[in-house]
Number of protein chains: 2
Amino acid sequence: MDDRPVTEQNRTLGALLRLTYEAMQREVYGALAARGFPEIRPAHSAVFRHIGPGGSRLTTLAERAGMTKQSMAYLVEGLQAAGHLRSVPDPSDGRARIVRLTARGEAVLAALLALSGEAEARVAERIGERRAGRLRRALEHWVAELDEAG
Amino acid sequence: MDDRPVTEQNRTLGALLRLTYEAMQREVYGALAARGFPEIRPAHSAVFRHIGPGGSRLTTLAERAGMTKQSMAYLVEGLQAAGHLRSVPDPSDGRARIVRLTARGEAVLAALLALSGEAEARVAERIGERRAGRLRRALEHWVAELDEAG
DNA sequence: ACCTTTCGTCAGTTTATCTGACGATATATA
DNA sequence: TATATATCGTCAGATAAACTGACGAAAGGT
């Protein structure tokens, strides 16, 4: 049957970013599961990426992650039930609660950062240090431009 | 309040890929909506990327996109309702149907490719042709390695 | 002719987002 | 100070985008 997709080799930059991003994600979250944290899913990174060392308010997390507080509450609820977060009343505001990482949550954050570093090192092995360095620098430049533009 | 996120500047390669991928996606699908196709969402690209010029079977699309046929059927159903696809019985197999792009669907595919090219050109303007070229080549290398590894 | 596989669908579930409404509390103003 | 307004987190419900399991109809192999 002559049924080749039109855009198979015709790879857009978006497609390249998607494929590599997904590969990275599979690697990191697969390894995290193997290390004893199978309950941590990619969506949870919104919490780990934005939580402060002394904890943060739900509203702050939601704002930083660019999502609604209801959505963030859903993620926090799951992590809390699994023992990665605890939430304590905010002494300075009776409406608010401070969400903090537990020891287990800190371990997940540390593992995520370590595994991401390892995954990047493996990429460098595969495509070469030079290219990997250029890749990272180009992406950093791009992201800096995005930050400027808002 | 001293509540800076731990990993704000500490950007992993995965985070860089995610930020740029999402920026690309916002740009392309935003422009696509502005061109008269607001109903096309990123998930639909699984169909446009993998459909053949003469149409494809649902099962083929699902396999290529790496998802279940039920999930692919859900995407196809939406595109069909919006007039981007039509499905005709497969003359060579009574169980199967061939999903084909309509003229409107072809227009979407063309627009997606054109807008992706334009978005990439704008990235090159922002970070420089040299860096953009290196970025694309590094990603292409990486993806080639992924294809080899399976 | 029968067994097995494949195609697409039906039914139901989960994850990850969203909107709208609301009580409780905090802050600003008249 | 009394009141109006804004903010914090939650309740309820919707939607998108995936999943699993089961199944009838059709095809293919023995």
Side-chain angles (χ1 to χ4, degrees), chain A residues 1 3 18 21-22 25-26 29 33 37-52 55-82 84-100, chain B residues 1 3 18 21-22 25-26 29 33 37-52 55-82 84-100:
Chain A
M1 196 194 314
D3 180 19
R18 180 177 44 78
Y21 171 53
E22 285 173 359
Q25 203 163 266
R26 273 193 306 277
Y29 287 88
F37 302 109
E39 71 278 19
I40 306 293
R41 277 159 289 143
H44 294 135
S45 75
V47 177
F48 290 104
R49 279 200 308 274
H50 297 112
I51 198 165
S56 304
R57 285 190 186 174
L58 183 66
T59 301
T60 306
L61 289 175
E63 193 186 348
R64 285 180 185 161
M67 57 171 61
T68 61
K69 47 195 182 168
Q70 295 94 323
S71 299
M72 182 52 77
Y74 165 76
L75 296 175
V76 165
E77 186 191 359
L79 289 173
Q80 199 163 356
H84 300 287
L85 298 175
R86 65 176 176 286
S87 88
V88 298
D90 184 339
S92 75
D93 189 332
R95 298 165 301 178
R97 300 183 69 79
I98 303 288
V99 177
R100 305 196 54 176
Chain B
M1 196 194 316
D3 180 18
R18 180 176 43 79
Y21 172 52
E22 285 173 0
Q25 202 164 269
R26 273 194 306 276
Y29 287 87
F37 302 110
E39 72 278 19
I40 306 294
R41 278 158 291 145
H44 294 134
S45 75
V47 177
F48 290 104
R49 278 200 309 273
H50 297 112
I51 199 165
S56 303
R57 285 190 187 173
L58 182 65
T59 301
T60 306
L61 289 175
E63 194 186 346
R64 286 181 183 160
M67 57 172 59
T68 62
K69 48 196 181 166
Q70 294 94 322
S71 298
M72 182 52 77
Y74 164 77
L75 296 175
V76 165
E77 186 190 0
L79 289 173
Q80 199 163 356
H84 300 287
L85 298 175
R86 67 176 175 285
S87 87
V88 299
D90 185 338
S92 75
D93 190 331
R95 296 165 302 178
R97 300 183 68 79
I98 305 289
V99 178
R100 305 196 53 175

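Each chain gets a letter, A, B and so on, in the order its sequence line appears, and its residues count up from 1.
Annotation for A:K69 and A:L58: closest pair O-CD2, 4.0 Å, computed over non-hydrogen atoms. Scanning all heavy atoms of the two residues, the minimum distance from A:Y29 to A:I40 falls at CD2-O, 3.6 Å. Taking both residues in full, the closest heavy atoms of A:R57 and A:S92 are given as NH2-OG, 4.0 Å, listed atom of the first, atom of the second, then distance. Between A:M72 and A:L61, the closest heavy-atom pair is CE-O, 3.5 Å. Across all their heavy atoms, A:A46 and A:L75 have their closest contact at CB-CD1, 4.2 Å. Closest approach of B:S56 to B:R64, counting heavy atoms only: OG-NH1, 3.8 Å.
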What's touching nucleotides 23-30 of chain D from the protein side, N or O pairs under 3.5 Å?
| residue | atom | partner | partner atom | Å |
| --- | --- | --- | --- | --- |
| D:dA27 | OP1 | B:G94 | N | 2.8 |

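At D:dG9, none of the side-chain N or O atoms of A:R57 fall inside 4.0 Å of OP1 or OP2 (strictly under the cut-off).
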Practice item. Evaluate the criterion side-chain contact (heavy atoms from CB on, under 4.5 Å) for residue pair B:V99 and B:L79; output intermediate values, then yes/no. Key: CA-CA 10 Å; B:V99 178; B:L79 289 173; over 6 Å; no
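First and last contacts of DNA chain C with chain B, using any nucleotide atom under 4.0 Å from a protein heavy atom and ordered 5' to 3', fall at C:dT6 to C:dC10.
Among the protein residues, A:T68 comes within range of the nucleic acid bases, having at least one heavy atom under 4.0 Å from a base atom. Across all strands shown, A:S71 has heavy atoms under 4.0 Å from base atoms, whether or not it also approaches the sugar-phosphate.
Between B:Y74 and B:G66, the residue anchored nearer the 5' end of DNA chain D, judged by the nucleotide with its closest heavy atom, is B:Y74. Two residues, B:A96 and B:Q70, neighbour DNA chain C, and the one matched to the more 5' nucleotide by heavy-atom proximity is B:A96.
As rounded to whole Å, 5 Å separates atom P of D:dG9 from atom CG of A:L58. Rounded to a whole Å, the CG atom of A:D90 is 10 Å from the C1' atom of D:dC8. When the C1' atom of D:dG9 is taken as reference, atom CG of A:L75 falls 15 Å away, rounded to whole Å. In this structure, B:L79 atom CG and D:dA17 atom P are separated by 10 Å, rounded to whole Å. Computed from coordinates, the A:L85 CG to D:dG9 P distance equals 14 Å when rounded to whole Å.
When only modelled atom types and interatomic distance are considered, B:Y74 and B:Q70 share no side-chain donor-acceptor pair under 3.5 Å.
A:H84 is linked by a side chain to side chain donor-acceptor pair (under 3.5 Å) to A:E39, counting only residues two or more places apart in sequence or in another chain.
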